[in-house]
Amino acid sequence: MAVLVKICGLSTPETLDAALDAGADMVGLVFYARSPRHVMLSQANRLAAQARGRAMIVALVVDVDDVTLDDIRREVHPDLWQLHGRETIERARAIRTATGTPVMKAIGIRSAADVAEARLYLPAADRLLLDAKPPADPSALPGGNGLTFDWRLVADLSPPLPFMLSGGLTPETVATAIGLVRPQAVDVSSGVESAPGVKDVSKIRAFLTAVRAANA
């Protein structure tokens, strides 16, 4: 089965078009004010309209309340929530039930214990996203840090739900990661940027090309 591709943290019509034209299966919009990839609701509304019908629209949120979720749902109508904070199993299940929208829970991986934690979310999440655990520094972002983790930790992970591999992937490394981990999907953000939050069209295209070659 071909590995799907998500380009996350898109914030301009030009880079979104580049991702769509290159064949991205999912596009991520970040709703987290501390992130350099954060988009306002009005901006996200226009980007979602541009992407709708061409790729799955993923709304990345971090420990948000129900009012914020309702605002995003009303303006963006995402196809998938990406919960990238400290959301509990109960919170993930509640969001899925209340919004009627599938949920993907991001889990930071640094050790085998983190993999075990990821498995606990299987009843509450439609997908898992396995990312590098952020630094202990409280100012660190929960994702998009350009960090990788030891892929061998998840090389034999076979949950009944599909999982997406994230964390420091680049056009140069994604084929190796696919060969080792065999994920259902891969996710990239900082690996296709020229600066934090600034997507690079040529890197987006190179990333999609590398995944297609690995799929061949």
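Because the structure is a prediction, the values reported are computed rather than measured.
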Between [X] (side chain) and [Y] (backbone), is there a donor-acceptor pair under 3.5 Å?
X	Y	answer
R205	D200	no
D126	M104	no
K6	M26	no
D114	S111	yes
Q50	P13	yes
D131	G108	no
H84	V62	no
K105	G85	yes

Using side-chain heavy atoms (C-beta onward) and a distance below 4.5 Å, is [X] in contact with [Y]?
X	Y	value
F163	Q184	yes
T68	V61	no
N45	R74	no
V39	V30	no
I7	L208	yes
T170	V188	no
I95	W81	yes

Verdict with supporting geometry, R73 and D66, salt bridge (charged side-chain N to carboxylate O under 4.0 Å, His left out): CA-CA 10 Å; R73 182 174 57 167; D66 290 342; over 6 Å; no
What are the two closest non-hydrogen atoms of [X] and [Y], and how far apart are they?
X	Y	answer
R127	L80	CD-CD2, 4.0 Å
A59	I72	CB-CG2, 4.1 Å
E87	Y121	O-OH, 2.6 Å
L165	L169	O-CD1, 3.5 Å
P36	P196	CB-O, 3.9 Å
A55	A24	CB-O, 3.6 Å

Hydrophobic cluster membership, with links at side-chain heavy-atom distances under 4.5 Å among I/L/V/M/F/W/Y: are [X] and [Y] in one?
X	Y	answer
V192	V201	no
L122	L120	yes
L41	L10	yes
L180	V154	yes

Value rounded to 0.5 Å, distance of [atom1] in [X] from [atom2] in [Y]:
X	Y	atom1	atom2	result
T148	I109	OG1	CD1	13.0 Å
E117	L128	CD	CG	10.5 Å
D17	L47	CG	CG	10.0 Å
E75	Q43	CD	CD	12.5 Å
D63	T88	CG	OG1	9.5 Å

Test side-chain hydrogen bond (donor to acceptor under 3.5 Å, both in side chains) applied to R37 and S190, S189, S11, the passing residue: S189
Passing option when V67 is tested against V64, D70, D71, L69 for side chain to side chain contact (heavy atoms under 4.5 Å, CB included): D71
